[in-house]
Protein chains: 2
Amino acid sequence: MTDETRAWQTVLRSVETDLLAGVLKPGDRLPGERALATDLGVGRSSVREALRVLEVLGLIRTATGSGPSSGAIIVSTPRGGMSALLRLQVAASGFAVADIVDTRLVLETSIAATLARHAASGTAPKLTESESLLDAMEDASLSPAEFLALDARFHASLAEAAGNQVIVATMAGLRDSIESYVVAGVPTLPSWPDAVARLMREHRDILAAVRAGDADHARGVVHDHITGYYAETGLSGSAAAAASPHSAPTSTEGPIA
Amino acid sequence: MTDETRAWQTVLRSVETDLLAGVLKPGDRLPGERALATDLGVGRSSVREALRVLEVLGLIRTATGSGPSSGAIIVSTPRGGMSALLRLQVAASGFAVADIVDTRLVLETSIAATLARHAASGTAPKLTESESLLDAMEDASLSPAEFLALDARFHASLAEAAGNQVIVATMAGLRDSIESYVVAGVPTLPSWPDAVARLMREHRDILAAVRAGDADHARGVVHDHITGYYAETGLSGSAAAAASPHSAPTSTEGPIA
DNA sequence: CGACCGCTGTGGTCAGACCATAGTGGTCAG
DNA sequence: CTGACCACTATGGTCTGACCACAGCGGTCG
C-alpha cells in the first residue's frame with residue numbers, strides 16, 4: 001500500500017504542487033522528460049502519459065527541437081481542454097446536447113446582463129471586436145459554416161468582454177462540443193438567407209441592448225436569440241423555453257442565470 | 001505532411017468517432033491496448049497516452065486482471081475530468097478564484113430558479129436527499145471540513161435535482177477546484193459556530209424558497225448565501241456582491257463577472 | 001463434488017533504441 | 001572581419017520488447 005498511486009499520477013501531482021508553490025509559473029519550461037523521469041523515480045513513458053494529460057487539459061505546450069522555446073512550457077489555455085472534455089462527453093452520451101444548450105443559455109444570458117451592467121455603470125467594455133465581427137458577417141457570400149464560425153467568434157467576443165475567463169472557456173467548450181450538431185442543423189432550416197437575416201438582426205439587437213445598459217432586456221434578447229436558433233434546428237432543451245424572462249413578466253429581475 | 005497528427009491523437013480520434021458512430025457505448029469494453037495498437041498502426045505507448053487522457057477526462061475506467069470487468073470500459077463520469085481541469089487551471093493561474101466563484105454564483109442561482117419553477121409548475125423534484133443532508137449537518141460535532149463536505153454535497157444535490165448534467169458536473173468541478181481555498185478560509189471567520197448557524201439558516205431558506213416556487217426569491221437567497229460566505233473568507237469576486245438582486249436595486253450595480 | 005492451482009489475458013511500468021527537429025557554436029571560405 | 005554553412009546536441013515523438021501484478025477461467029486432484 002506504500003505505492004498505491006500510479007506512476008503517472010505522481011508526475012501529475014508533482015507538477016500541480018510545483019504550480020501551487022510557485023515553483024512553476026506560466027511561461028516556465030518543465031524539466032525534460034528524461035530528467036523528470038529520473039527525478040521522480042518513474043519511467044519516461046509514465047512521465048509522457050502525465051504530460052499528455054497536461055497538454056490536453058491546456059496546461060502545457062510541447063515542442064521538439066532545442067532552445068528556449070522547446071520542451072514542455074506552461075501555458076494556460078483552458079479552452080482546448082474544456083472543448084475536448086465536453087466534446088468527448090457528448091460523444092459518450094455523458095452529456096445531452098439539450099443540457100449543453102441550456103447551460104450555454106444560462107451563461108450567455110448572464111454575460112449579456114453583466115455587459116449591460118458594465119455599460120450602465122459607465123465602465124463600458126470595448127465591444128469593437130464584436131462590432132467588426134458583425135460587419136464581417138454581413139458578407140452575403142459567406143458559406144453557412146463560415147457564417148457560423150464568425151457567429152461563434154461574436155459570442156465569444158461578448159464573453160471575453162464580460163471578463164470572466166472561466167465563463168469564456170466554458171462557453172467556448174460548450175459551443176465547440178455541439179458544433180457538429182449546429183452545422184448539421186443548417187439544412188433543416190426553412191431558408192438559410194432568412195435565418196441569417198434574423199440572426200444578424202438579433203445580433204444587432206443584442207449589441208444595442210447591451211450598450212443601452214438594460215440588463216433585463218439584454219438577457220431576454222440573448223435568450224430568444226439562442227433558443228430561437230436551436231428551436232429551429234430541433235436541438236432546444238426542455239427547460240430553455242420555460243426560463244424565458246418574457247414568460248415571467250411579473251418578476252422585476254428575471255432569471256439572472 | 002500527410003501524417004502531421006501525432007499517434008496518440010489518432011487513437012483519441014478513433015475512439016471519438018466510434019463513440020459518435022455508436023460502435024462504442026457506455027458500458028462497452030475497448031479492445032486491449034495491444035490490439036488497439038496493431039489495429040491503428042501505432043505503438044502501444046501511444047495508445048496508452050490516449051487512454052490516459054480518456055481516463056482523466058472521465059470517459060473510461062481501467063482495471064487490471066481478466067474477465068468482463070477488466071480492461072478499459074466506457075463510463076461517463078464527467079465530474080472527475082471537470083474537477084481536474086479546473087483545479088489544474090487554477091493552479092496554473094489560468095483561472096482566477098474570483099472567476100470560479102462568480103461562475104458558481106451564476107450557475108447556482110440558475111439552479112435555484114429552475115427548481116423553484118419546477119415546484120411552481122407542479123412537477124416538484126424530490127429534494128429528499130437535500131433535506132437529509134441538511135439534517136446530517138445539524139450535528140454540532142462535525143469538524144469544519146466535514147461540515148463543508150456535507151455543504152458541498154447539499155449544493156450538489158440541488159444541482160442534480162435541477163436535472164442538467166452539464167451544470168452538475170461543472171458545479172462539482174468549480175467547487176472542487178477551490179476546495180482548498182474554502183477550507184483555508186475557515187480560520188479567518190470570526191466565529192465558526194456562528195458561521196455554521198448562518199449557513200444552516202440560509203440552507204433552510206433556500207429549500208423553503210425553492211419549495212415555495214418563488215424563483216426570484218430563491219435566486220436572491222442563493223446569491224446572498226454564496227456571496228456571504230466568500231465575502232467573509234475574502235474570496236469574493238469583484239462583481240459578485242454588486243450583482244445581488246437585493247443589494248443593488250437601483251443603479252450602483254457593478255459587474256457580475 | 002468441491003477446493004485448489006496453474007494458465008492466460010489484462011493493464012502498469014520500465015528500459016532502450018531510433019527518428020525528426022531546431023537551436024548552437026564552431027569552421028571555413030570570401 | 002563577415003557571413004554562410006554544417007556538425008553537434010538536446011529535445012520531444014514513437015516504437016519495441018520485456019517484465020510485473022492482478023483477476024478470472026478451467027482443468028485437476030483429493
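So that the names make sense, note that chain A is the first sequence line, chain B the second, and so on, each numbered from 1.
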K.L.:
In the structure shown, which nucleotide is the Watson-Crick or G-U wobble counterpart of dC19(C), with both distances under 3.5 Å?
P.N.:
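WC or wobble partner is dG12(D).
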K.L.:
Pick out which of Arg153(A), Lys126(A), Arg79(A) makes a salt bridge (charged side-chain N to carboxylate O under 4.0 Å, His left out) with Glu160(A).
P.N.:
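Answer after filtering Arg153(A), Lys126(A), Arg79(A): Arg79(A).
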K.L.:
Below the 4.0 Å mark, does dG13(D) have OP1 or OP2 next to a side-chain nitrogen or oxygen of Thr62(A)?
P.N.:
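It does, given that an N or O in the side chain of Thr62(A) lies less than 4.0 Å from OP1 or OP2 of dG13(D).
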K.L.:
Report which part of the nucleic acid Arg61(B) touches: base, sugar-phosphate, or nothing (heavy-atom distance under 4.0 Å, all strands).
P.N.:
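Arg61(B): no heavy atom of the nucleic acid under 4.0 Å.
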K.L.:
Parallel under 30°, tilted from 30 to 60°, perpendicular over 60°: which one fits the rings of Trp192(B) and Phe147(B)?
P.N.:
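Perpendicular.
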K.L.:
Can you tell me the distance, in whole Å, between the CD atom of Glu4(A) and the P atom of dA21(D)?
P.N.:
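Answer to the nearest Å: 14 Å.
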K.L.:
Rounded to whole angstrom units, what separation is found between the CD atom of Glu49(A) and the P atom of dA15(C)?
P.N.:
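Result: 14 Å.
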K.L.:
For dG13(D), does OP1 or OP2 lie under 4.0 Å from any side-chain N or O of Ser45(B)?
P.N.:
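It does not, given that no N or O in the side chain of Ser45(B) lies less than 4.0 Å from OP1 or OP2 of dG13(D).
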K.L.:
Taking only the side-chain heavy atoms of Pro68(B) (C-beta and beyond), determine which of dG12(D), dG11(C), dC25(D) contains the nearest atom.
P.N.:
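My answer, after comparing the listed nucleotides, is dC25(D).
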K.L.:
Which of parallel (below 30°), tilted (30 to 60°) and perpendicular (above 60°) describes His225(B) and His203(B)?
P.N.:
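Plane angle over 60°, so perpendicular.
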K.L.:
Take the protein atom CZ of Arg48(A) and the nucleotide atom P of dG12(D), then report the distance between them rounded to whole Å.
P.N.:
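Going from Arg48(A) (CZ) to dG12(D) (P), I get 8 Å.
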K.L.:
Looking at Arg44(B) and dG12(C), is any side-chain donor or acceptor paired with a base atom of the opposite kind under 3.5 Å?
P.N.:
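Side chain to base: pair present.
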K.L.:
Does Arg87(A) pair with Glu16(B) as a salt bridge, N-O distance under 4.0 Å?
P.N.:
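So Arg87(A) pairs with Glu16(B) through a salt bridge.
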K.L.:
Per the side chain to side chain contact (heavy atoms under 4.5 Å, CB included) rule, which among Arg104(A), Met82(A), Arg175(A) passes with Thr170(A)?
P.N.:
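Looking at Arg104(A), Met82(A), Arg175(A), the match for Thr170(A) under the side chain to side chain contact (heavy atoms under 4.5 Å, CB included) is Met82(A).
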K.L.:
State which of dG11(C), dG23(C), dT14(D) makes the closest approach to the side chain of Glu33(B).
P.N.:
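So the nucleotide nearest the side chain must be dG11(C).
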K.L.:
Would you mind reading off the distance between Leu54(A) atom CG and dG12(D) atom C1', rounded to a whole angstrom?
P.N.:
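After rounding, the gap between these two atoms is 15 Å.
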K.L.:
Quick check for you: among dT14(D), dG12(C), dG24(D), whose closest atom lies nearest to any side-chain atom of Trp8(B)?
P.N.:
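From the listed options, dT14(D) comes nearest.
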K.L.:
Between atom CZ in Arg6(A) and atom C1' in dC20(D), what is the gap in whole Å?
P.N.:
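So the CZ-C1' distance, Arg6(A) to dC20(D), works out to 15 Å.
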K.L.:
What nucleic acid atoms does Gly65(B) come within less than 4.0 Å of, heavy atoms only: base, sugar-phosphate, or nothing?
P.N.:
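Base, at least one base heavy atom under 4.0 Å.
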K.L.:
Contact class for Ala37(B) (heavy atom, under 4.0 Å): base, sugar-phosphate, or nothing?
P.N.:
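Here Ala37(B) touches no strand at all.
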K.L.:
If I take atom CG in residue Leu51(B) and atom P in nucleotide dT13(C), what distance separates them, rounded to the nearest angstrom?
P.N.:
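My rounded result for the distance is 13 Å.
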K.L.:
Between Arg52(B) and Val53(A), which heavy-atom pair has the shortest distance, and what is it?
P.N.:
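Answer, listing the atom of Arg52(B) first, then Val53(A): CG-CG2, 3.9 Å.
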K.L.:
As a test of reading the structure: which of dG23(C), dT14(D), dT13(C) is closest to the side chain of Ser66(A), going by heavy atoms?
P.N.:
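Nearest to the side-chain atoms of Ser66(A), counting from C-beta on, is dG23(C).
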K.L.:
Just name whichever nucleotide pairs with dC1(C), Watson-Crick or G-U, keeping both distances under 3.5 Å, else none.
P.N.:
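Answer to the pairing question: dG30(D), which forms a Watson-Crick or G-U pair with dC1(C).
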K.L.:
Among dG24(D), dG11(C), dC15(D), find the nucleotide with the atom closest to the side chain of Ser46(B).
P.N.:
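Selected nucleotide (nearest to the side chain): dC15(D).
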K.L.:
Would you say a side-chain N or O of Ser70(B) is under 4.0 Å from OP1 or OP2 of dG24(D)?
P.N.:
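Result: no.
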K.L.:
Whole angstroms only, please: what is the CD1-P distance between Ile73(A) and dG23(C)?
P.N.:
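The distance from CD1 of Ile73(A) to P of dG23(C) comes to 11 Å, rounded to the nearest Å.
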K.L.:
Under 4.0 Å between a side-chain N/O of Arg52(B) and OP1 or OP2 of dG12(C), yes or no?
P.N.:
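Arg52(B) to dG12(C) OP1/OP2: side-chain N or O found under 4.0 Å.
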K.L.:
So, is Arg34(A) near the phosphate of dT11(D), with a side-chain N or O under 4.0 Å from OP1 or OP2?
P.N.:
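Looking at the OP1 and OP2 atoms of dT11(D), neither is under 4.0 Å from any side-chain N or O of Arg34(A).
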